[in-house]
Participant: 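Take this structure, written in structure tokens, and hold onto it; I'll ask about it next.
Chain letters run A, B, ... following the sequence lines, proteins first, then strands; residues in each count from 1.
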Amino acid sequence: MKDTNLGAFEELVLLAVGSLGDNAYGVTIKDALVEQTGRAPSIGSLHSALYRLEGKGYLTSEDGGATNERGGRRKRYFQLSASGMKALEAAHELRTAFSVKIPGLKLKNS
Amino acid sequence: MQSKTTPPQWLDWLITGLCKHEVFEIVQGDLYELYERNLKKHGQLKAKLLYIRDALTILRPTLLKQLEGNYQLNPYGMFKNHFKTSFRNLKRNPLFTIINALGLAISMSVGIMMILFLSELYDVDDFHQKKDRIYRVTTTQPGLMGDQIDHLATASYFVADQAKEELPEVEKVVVMSWRFKAEIKHVEKRVALSGFYATPSFLDVLSYPLLTGNQQTALDQPESVLLTSSAAKKLFPNSDPVGQWVDVSGLGTFNKGLVTGILQDVPENSYLDFEMVLPMQSNPMINTQFRGNPNNTFENYVYLLLHEHAEAGAVAAKIADVLDDHPYDLSSVTHTLEPMGSFILGATMNANGPTFSSRKVDMMIGLTLIVLLSACFNYTNLSLGRSFSRLKEISVRKVNGATRTQLFTQFMVEAVLVSCLALLLGIGLFFLARPALLSQVNDIIQDRSFFKLSLSWIKFGYFTLFAVSIGVIAGFLPAWILSRLKTSLLLKDVGKIKLLSGMNARKILITFQFSLTIGLIMCAVMVYRQYQFAINYDLGYQTENIVNVNIQGDYMDLLEEDYKALPQVLGTAKSQAVLGLRGGQFGNAISENFQDTTMYSSNYVGSGYFEVHDFDLIAGSGFRKSDSSQSVVVNQSLIKALNMGTPEMAIGTKIRLMNDQQTLVSIAGVVRNFTGVSLDFQMPAPFVFFPMAAGQNGTLGLKIATSDLLETMTQLEKGYQKYDPIHPFNAQFYDDQLASNYRQLQSSYTLISLLAFLAISIATLGLIGIAIYTLESRLKEISIRKVLGADSKSLILLLSRGFMIMIAIATVLAIPVALYVVDEMLLQSFFQRIDVGLLELLSGFLIVFLIAALAVGTQVHQVSAQKPVDLLRDE
């Protein structure tokens with residue numbers, strides 16, 4: 001599959017959403033990214049990416065419960081759509097296909 | 001668990017306002033959750049800070065709200081459309097556009113002038129580094145005559161010394177003398193320079209830097225002379241002036257000076273203007289006795305440099321205390337500290353720099369604002385009036401989905417456009433008017449060409465800002481009203497639209513504009529009458545065809561003989577001072593028997609004086625040389641004041657002068673009373689003429705009869721230069737000198753007339769607008785009346801009635817205000833006044849009435865001439 005025009009950060013966000021299953025909303029996605037990458041994205045950039053990804057069709061969203069903690073405001077839960085999954089697979093393939101061409105690059109297989 | 005503290009509310013408001021609708025709630029929710037977490041982990045302060053930081057990250061294009069409606073599809077398209085529509089609309093109604101733009105342009109040129117003028121006024125003395133700590137000590141004391149109070153820019157040396165010794169708030173004291181002109185000679189070069197004496201602190205406190213020489217010590221030696229760079233070039237074109245000796249004459253004891261430093265030329269915006277500075281210790285007037293007398297408040301300017309944080313009021317109070325402690329009774333003398341920035345606005349009498357009273361400035365600002373507001377009102381009026389032609393456009397736009405805000409913006413854009421167009425026109429008008437304006441403004445200063453009214457890029461920026469704000473102000477009301485109109489009404493029945501609330505307000509505005517115009521016209525007429533009165537006033541002596549030559553040497557007798565030989569010179573008259581101007585000498589006299597005493601004004605004159613000036617000698621003759629005591633000629637007032645009986649009886653009697661020597665003089669002649677001083681100045685009425693001594697300098701009056709004035713003046717100049725090659729030839733017609741007394745009055749008159757003209761143009765434009773509007777909405781009524789048999793005359797009367805009532809009301813309002821303004825502000829210094837007659841009062845009314853009648857009349861005629869058929873046919 002050819003390039004899906006996915007930015008690096010967007011790819012990470014998709015990965016994070018996917019890894020969280022049913023519990024992917026703003027704060028948890030941010031925490032997951034911090035845990036995996038060691039860098040904390042700002043709320044603005046995160047929601048910006050989520051908005052765009054949903055616009056591209058890679059994510060679906062659902063409004064969830066409001067809690068007191070959030071001052072009575074709702075959460076929005078995101079989930080990977082089918083095309084989102086495909087996009088992630090394609091991205092991974094692309095990376096791998098390129099990397100094996102580099103002599104001396106040690107790729108870990110888990 | 002809910003915590004008591006919440007993140008800052010204003011950020012919530014910001015997010016709600018700026019963030020996309022679909023997103024703002026969840027973003028806020030996330031922010032809140034993070035806040036709670038941070039609260040537990042880090043505490044309130046850090047949590048709040050982090051919240052603010054995170055909240056600001058939402059300011060990115062993806063998350064921000066988008067423009068609504070059409071703007072979303074094509075943001076530039078709508079603005080382009082607005083511009084296009086505005087341009088087309090302006091083109092379609094050229095009369096309306098021109099009237100508006102012209103009215104605004106005229107008032108803007110006034111605004112431009114005010115902006116430039118004010119910025120130059122406040123830029124004065126900006127180059128002084130310690131400007132905000134420098135103060136001038138002013139004196140308030142009872143005047144020389146009667147109940148006048150004098151405000152002097154000078155103060156006593158005594159106060160200067162006390163301030164330096166006793167007051168800790170005072171860091172340094174500078175004392176300067178009056179400005180004088182002295183001749184400086186070096187080898188063959190001679191030049192007359194203006195300057196003053198100053199204490200050495202002058203170089204420390206004020207920022208007049210020395211180009212060469214030691215700033216600390218240059219004024220320390222008694223023979224020091226400081227010259228400005230251009231003055232030095234005149235004397236020392238090729239050599240270095242410092243260290244060279246120069247000869248000084250005209251200053252009494254100071255004969256030789258050593259140039260110790262060259263000052264940078266005085267900048268244009270400097271309050272003080274000089275070419276030379278001499279050390280105060282060489283001022284012959286200053287000795288211990290003079291310095292110790294707190295009553296010598298007239299001769300010196302005292303500047304104080306206060307320490308940082310010192311309060312001027314406290315210092316002034318302490319000075320008052322010092323005066324209290326003094327054995328003399330100084331209760332009537334008060335001193336205040338005047339900050340440097342206010343020198344030029346000060347209301348002091350004998351200032352050492354140009355003065356522009358702050359009241360005048362306020363008046364000018366006030367008038368400018370009024371003119372500007374007038375033009376804005378005009379725009380509003382005319383826009384509302386013309387709105388009928390745009391109703392269809394507005395309704396079509398609304399049907400197509402324009403929101404109220406969009407309509408509002410559209411009309412504002414149009415107003416700002418017209419305003420910017422007016423700005424360009426205004427700048428052009430300003431350049432045209434600039435020379436005239438400059439001469440008026442500099443005339444009031446009467447000192448030097450102080451104001452330049454020059455443009456710069458920054459000022460251009462101010463103008464643009466100014467134009468845009470005018471556009472916004474002017475356009476606000478029409479934009480607001482027009483955007484409110486209901487679509488259904490617009491399309492259905494145009495006739496039913498009555499912009500009612502606009503209507504009455506507009507009537508009030510027009511009335512206000514008219515009363516302003518009427519008031520200004522009345523003021524102009526009254527001031528003009530006063531000016532004519534003053535110029536043509538019979539002074540009691542002859543001033544026509546007399547040329548006064550200023551003499552600054554001891555050669556007046558020789559020059560007089562030379563001039564007598566010229567055929568054009570019919571008579572010569574020597575005098576020390578020129579009568580009829582402001583100021584003069586005075587003294588006290590007491591009768592021989594010590595019974596009566598009086599003040600008198602005086603002058604020294606030559607023997608031919610009374611004849612040349614045609615004084616009416618009612619008793620006795622001119623000066624006699626034979627008597628043992630000096631003989632004098634007096635006027636009737638003096639005789640009366642000293643109770644000497646009839647003029648004939650007074651001849652030969654003696655009076656005693658109250659000077660040091662208690663001189664006795666005998667009266668040789670009595671002249672009829674005359675006016676020896678400008679009409680806005682007060683001097684004692686009794687007059688004493690003293691005979692002029694040989695070699696006294698002053699003025700040589702020449703009675704001239706010639707057909708070739710230029711040739712005569714050249715000959716006079718040649719004759720003069722034979723004796724005095726240094727001082728420039730200064731000769732003026734006596735009448736011109738008298739007229740210059742009232743130059744300020746003339747300037748006021750010109751300024752007021754100009755403003756009156758502006759006001760009338762603007763008001764007329766407004767009236768035309770409202771006339772058009774009113775008549776348009778009454779078209780059907782007019783045609784029905786015509787059909788029922790009304791003739792043109794009664795129609796005209798009927799339609800004009802409303803306007804005439806407005807003008808009448810405006811007149812009634814304007815009269816008392818105009819009278820007050822003229823009385824209190826413009827002519828209050830005049831002691832001889834014209835009577836305000838019916839002509840003056842009605843002048844404004846008549847002029848405005850005529851113009852208004854013309855404006856309204858033409859419109860009415862146009863409308864009533866139309867055929868009723870045409871008007872009634874269209875539905």
Participant: Is it the side chain or the backbone of Leu56(B) that comes within 4.5 Å of chain A heavy atoms, both, or neither?
Facilitator: neither

Participant: Report the option among Asp54(B), Leu31(B), Val27(B) that has the most heavy-atom pairs separated by less than 4.5 Å from atoms of chain A.
Facilitator: Val27(B)

Participant: Please determine whether the number of non-hydrogen atoms from other residues, nucleotides or ligands lying under 6.0 Å from atom OH of Tyr462(B) exceeds 12.
Facilitator: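 Not more than 12 within 6.0 Å, no.
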
Participant: When rounded to the nearest 0.5 angstrom, what is the spacing between OG in Ser61(A) and CD in Glu22(B)?
Facilitator: 10.5 Å

Participant: Count the heavy atoms belonging to other residues, nucleotides or ligands that lie under 6.0 Å from NE2 of His92(A), then report whether that count exceeds 12.
Facilitator: no

Participant: Decide yes or no for Leu34(B) and Lys30(A): does some side-chain heavy atom of the first lie under 4.5 Å from some side-chain heavy atom of the second?
Facilitator: yes

Participant: Counting only non-hydrogen atoms closer than 4.5 Å, does Arg37(B) touch chain A with its backbone (N, CA, C, O), its side chain (CB onward), both, or neither?
Facilitator: side chain

Participant: Using every non-hydrogen atom in the two residues, find where Thr62(B) and Ser48(A) come nearest and quote the distance to one decimal.
Facilitator: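 Residues Thr62(B) and Ser48(A), closest heavy atoms: OG1-OG, 2.9 Å.
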
Participant: Identify the two heavy atoms, one from Gly29(B) and one from Arg73(A), that lie closest to each other, and give their separation to 0.1 Å.
Facilitator: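 Nearest pair, atom of Gly29(B) first, then Arg73(A): N-CD, 3.6 Å.
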
Participant: Please give me the minimum heavy-atom distance between Thr57(B) and Gly44(A), naming the atom from each residue.
Facilitator: OG1-N, 3.0 Å

Participant: Report yes if the side chains of Ile58(B) and His47(A) come closer than 4.5 Å at any heavy-atom pair, otherwise no.
Facilitator: no

Participant: Report the distance from atom CD of Glu33(B) to atom OH of Tyr25(A), rounding to the nearest 0.5 Å.
Facilitator: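 The OH atom of Tyr25(A) is 3.0 Å from CD of Glu33(B), to the nearest 0.5 Å.
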
